[in-house]
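All figures in this text were calculated on a predicted structure; none of them were measured in a lab. Counting starts at 1 for both ligands and their atoms, following the listed order.
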Amino acid sequence: MKKQKSRRSGIVIMSRLIVLLGSLAYAMLFAVLNGSLGFLSAMGITIFGSLGIAKALGASIALSYGWIIGLTIGLGIIRGLLRFIEQYLNHFIAFRLLAVLRNKIFIALRRLCPAKLEDKKKGSIIAMITADIETLEVFYAHTVSPVCIAIAVSLTMLAILFFAISPYMALVALIGYLTIGIVFPLVFSSYLKNDGVSYRKSFSLFNAFYMDSIKGIKDIVLHNAGDKRREEVNKKSDELLLHARRLKRKTTLSFALTELAVSVFTLLAVVVGIWLYQKDIIDIGKMIVGIVIIFGSFGPVIAISALPSNLTQTFASGERVLNLVDEKPIVYPIEGKENFVFENLKVQNLSFGYDDSHKVLQDICMHAKQGEIVGIIGESGSGKSTLLKLLLRFWQKSEGDIFYNDKDIESVNTDSLLDNVTMVSQSTYLFDDTIKENLLIANKDATLAQLDEALRQASVYNLIKSLPEGYNQQAGTLGDNLSAGEKQRIGLARAFLRGSKLILLDEPTSNVDSINEGIILKSLKDSKKDKCIILVSHRESTMAIADRVYKIEDGKIKEVR
Ligand SMILES: Nc1ncnc2c1ncn2[C@@H]1O[C@H](COP(=O)(O)OP(=O)(O)O)[C@@H](O)[C@H]1O
Ligand SMILES: [Mg+2]
């Protein structure tokens, strides 16, 4: 398994993330346009207001008072409308985005599975799906558009100042925008970075510890370890508070510095404005309007200086999501080749290793055909489950051949393979849905009679019937009340329901008592005439019903009966 570890630059990550937006990019562009126009009309209100004041102070303003008041009111209404549209679009984009991102990640995982989720890093993938998507939502909804709005608004203001007021005033504004919108964010981001990272680390540590404590509360009570646990929770909570305080102190300081800078540049605008007026370079009207423009136009760049605390995190999240989307699957699905109806299986000189250094299976040769129950026995860790996964092409074999009806597994369509071969794995996952839906996943068209029959075969019929709501019982409400053996039997019922010709059973009775094992094995025997069953177990007793038995030892296989 090769891991791609490409480090992308911030620009590459950002542009790739924008591309991921697809058609939502247009909605975002429209939102930015609305946001910019909205801010400009808000500025317009102040500008026309100051024009009115300038006119009252005797400046020669071509507009009548009526026009000034009319324009101010008009802009106020437009501002409201634009703000509404902008907010609407932003929320529309944000929520659509969550859906789009989840979909993209699901598709990526679907492509990479099941090999990917067997990885030791399964936990971090699940963390990624939840945490990274949330972070990216912040990026799309609250980072991209403020930056674009700041650029659009600042450029417009600079143009107005330059052409309509004075290049000197434009220069003051330019220095102000660059300082607050670019220099400050860069300085703050390195100033806050370490504290931000350690705060988040401590935050997730605390959360994990707290969740762990709640999950394990029964064992804490059982061992009377409550006091000690509480002490630890308190200690971790204090640590978190310490990090939060330090981060808060620093962010507050950077906000204060930003506000200070705004005041300094406004003051500078006043000084330059008065100087220009005294030198007769501009009249009083231009002076007032110029100062008001500069004073009022820092909003968008202030928004940028508030961003950096989460930007590094955003890039890290973005990179993880992109890595997943780009990752090449270990096996590609096969389409457009041959379909088959299972009659027999032949494995020749099959070898496989999860990594190059160690071969789990070597030179495996075996066969099985319809009407047979074939047993595979071997100690835990000997490679039994691995062999079954190779038969389903969950992993890519290294050497050797697998033939179904003499067709190479690599030339059989994946859909057809999964229709013909099913596996009951060592642990069965139950979705948080009714028992019925949990069974129908194996065959969505199954009738009630078929469901009953499958449950009986799997020796779980009485259990389901005894539930207060029977088939309609939510599996989630049962939670831990279903034992591993009961879950396993539901898994088995799914396999019967699926109706596949080849059933691979991975330790199907390992969590089942001997009475139920007897029932299950009997129904396997009864249903074998039109099927083939490969039965894997580390238990000798389970092998009693097998027609032939193979033993796996040190990666090698031999027929023992
Ligand atoms: N996804 C995986 N990645 C790396 N090694 C694995 C993986 N799954 C199983 N192994 C290793 O392969 C060997 C065989 O495992 P497995 O087929 O599950 O054995 P069995 O089912 O006989 O108990 C073990 O040493 C196990 O640790
Ligand atoms: Mg196993």
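One finds no salt bridge joining Asp363 and Lys556 here, because no Lys/Arg side-chain nitrogen approaches an Asp/Glu carboxylate oxygen to under 4.0 Å. Using a 4.0 Å cut-off between charged nitrogen and carboxylate oxygen, Asp212 and Arg229 count as a salt-bridge pair. With respect to Arg456 and Asp452, no salt bridge is recorded, no charged nitrogen being found less than 4.0 Å from a carboxylate O.
Taking any N or O of Lys389, backbone or side chain, none lies under 3.5 Å from an N or O belonging to ligand 1. Geometrically, ligand 1 and Val360 share no nitrogen or oxygen pair separated by less than 3.5 Å. At least one N or O atom of Lys384, backbone or side chain, sits closer than 3.5 Å to an N or O atom of ligand 1.
Ligand 1 has no atom lying under 4.0 Å from any heavy atom of Gly378.
One option in Ser385, Gly381, Gly353, Ser537 has a heavy atom closer to atom 13 (C) of ligand 1 than any other, and that option is Gly381.
Counting atoms of ligand 1 from 1 in the listed order, those under 4.0 Å from a heavy atom of Ser380 are 23 (O). Atoms of ligand 1 found under 4.0 Å from any heavy atom of Trp395, numbered from 1 in the order shown, are 1 (N). For ligand 1, the atoms sitting less than 4.0 Å from at least one non-hydrogen atom of Glu379 are 22 (O), numbered in the order shown with element in parentheses.
Neither side chain, Thr414 nor Glu335, offers a donor N or O lying under 3.5 Å from an acceptor on the other. In summary, the side chains of Glu338 and Ser416 do not present any donor paired with an acceptor at a separation below 3.5 Å, with no hydrogens or angles considered. Of the N and O atoms on the side chains of His538 and Glu379, not one donor lies less than 3.5 Å from an acceptor on the other residue. A donor atom on one side chain and an acceptor atom on the other are found under 3.5 Å apart for Gln396 and Glu410.
Tally of protein N, O or S atoms closer to the Mg ion (ligand 2) than 2.8 Å: 2.
Between the OH atom of Tyr404 and the CG atom of Leu345 there is a distance of 5.0 Å, given to the nearest 0.5 Å. Distance check: Leu455 CG to Ile490 CD1 gives 8.0 Å after rounding to the nearest 0.5 Å.
Heavy atoms from both the backbone and the side chain of Thr386 come within less than 4.0 Å of ligand 1. Residue contacts with ligand 1, taken as heavy atom pairs separated by less than 4.0 Å, do not involve Phe394 at all.
Cation-pi geometry between Lys236 and Phe209 is satisfied (NZ or CZ under 6.0 Å from the ring centre, within 45° of the ring normal).
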Pairs under 3.5 angstrom only: tabulate donor-acceptor contacts from the side chains of residues 493-504 to other protein residues two or more places apart or in another chain.
residue : atom : partner : partner atom : Å
Arg494  : NE   : Asn438  : O            : 2.7
Arg494  : NH1  : Tyr429  : O            : 3.1
Arg494  : NH2  : Tyr429  : O            : 3.1
Arg494  : NH2  : Asn438  : O            : 3.3
Arg494  : NH2  : Asn438  : OD1          : 3.1
Arg498  : NH1  : Ala442  : O            : 3.1
Arg498  : NH2  : Leu418  : O            : 3.1
Arg498  : NH2  : Asp419  : OD1          : 3.3
Ser500  : OG   : Asp419  : O            : 3.2

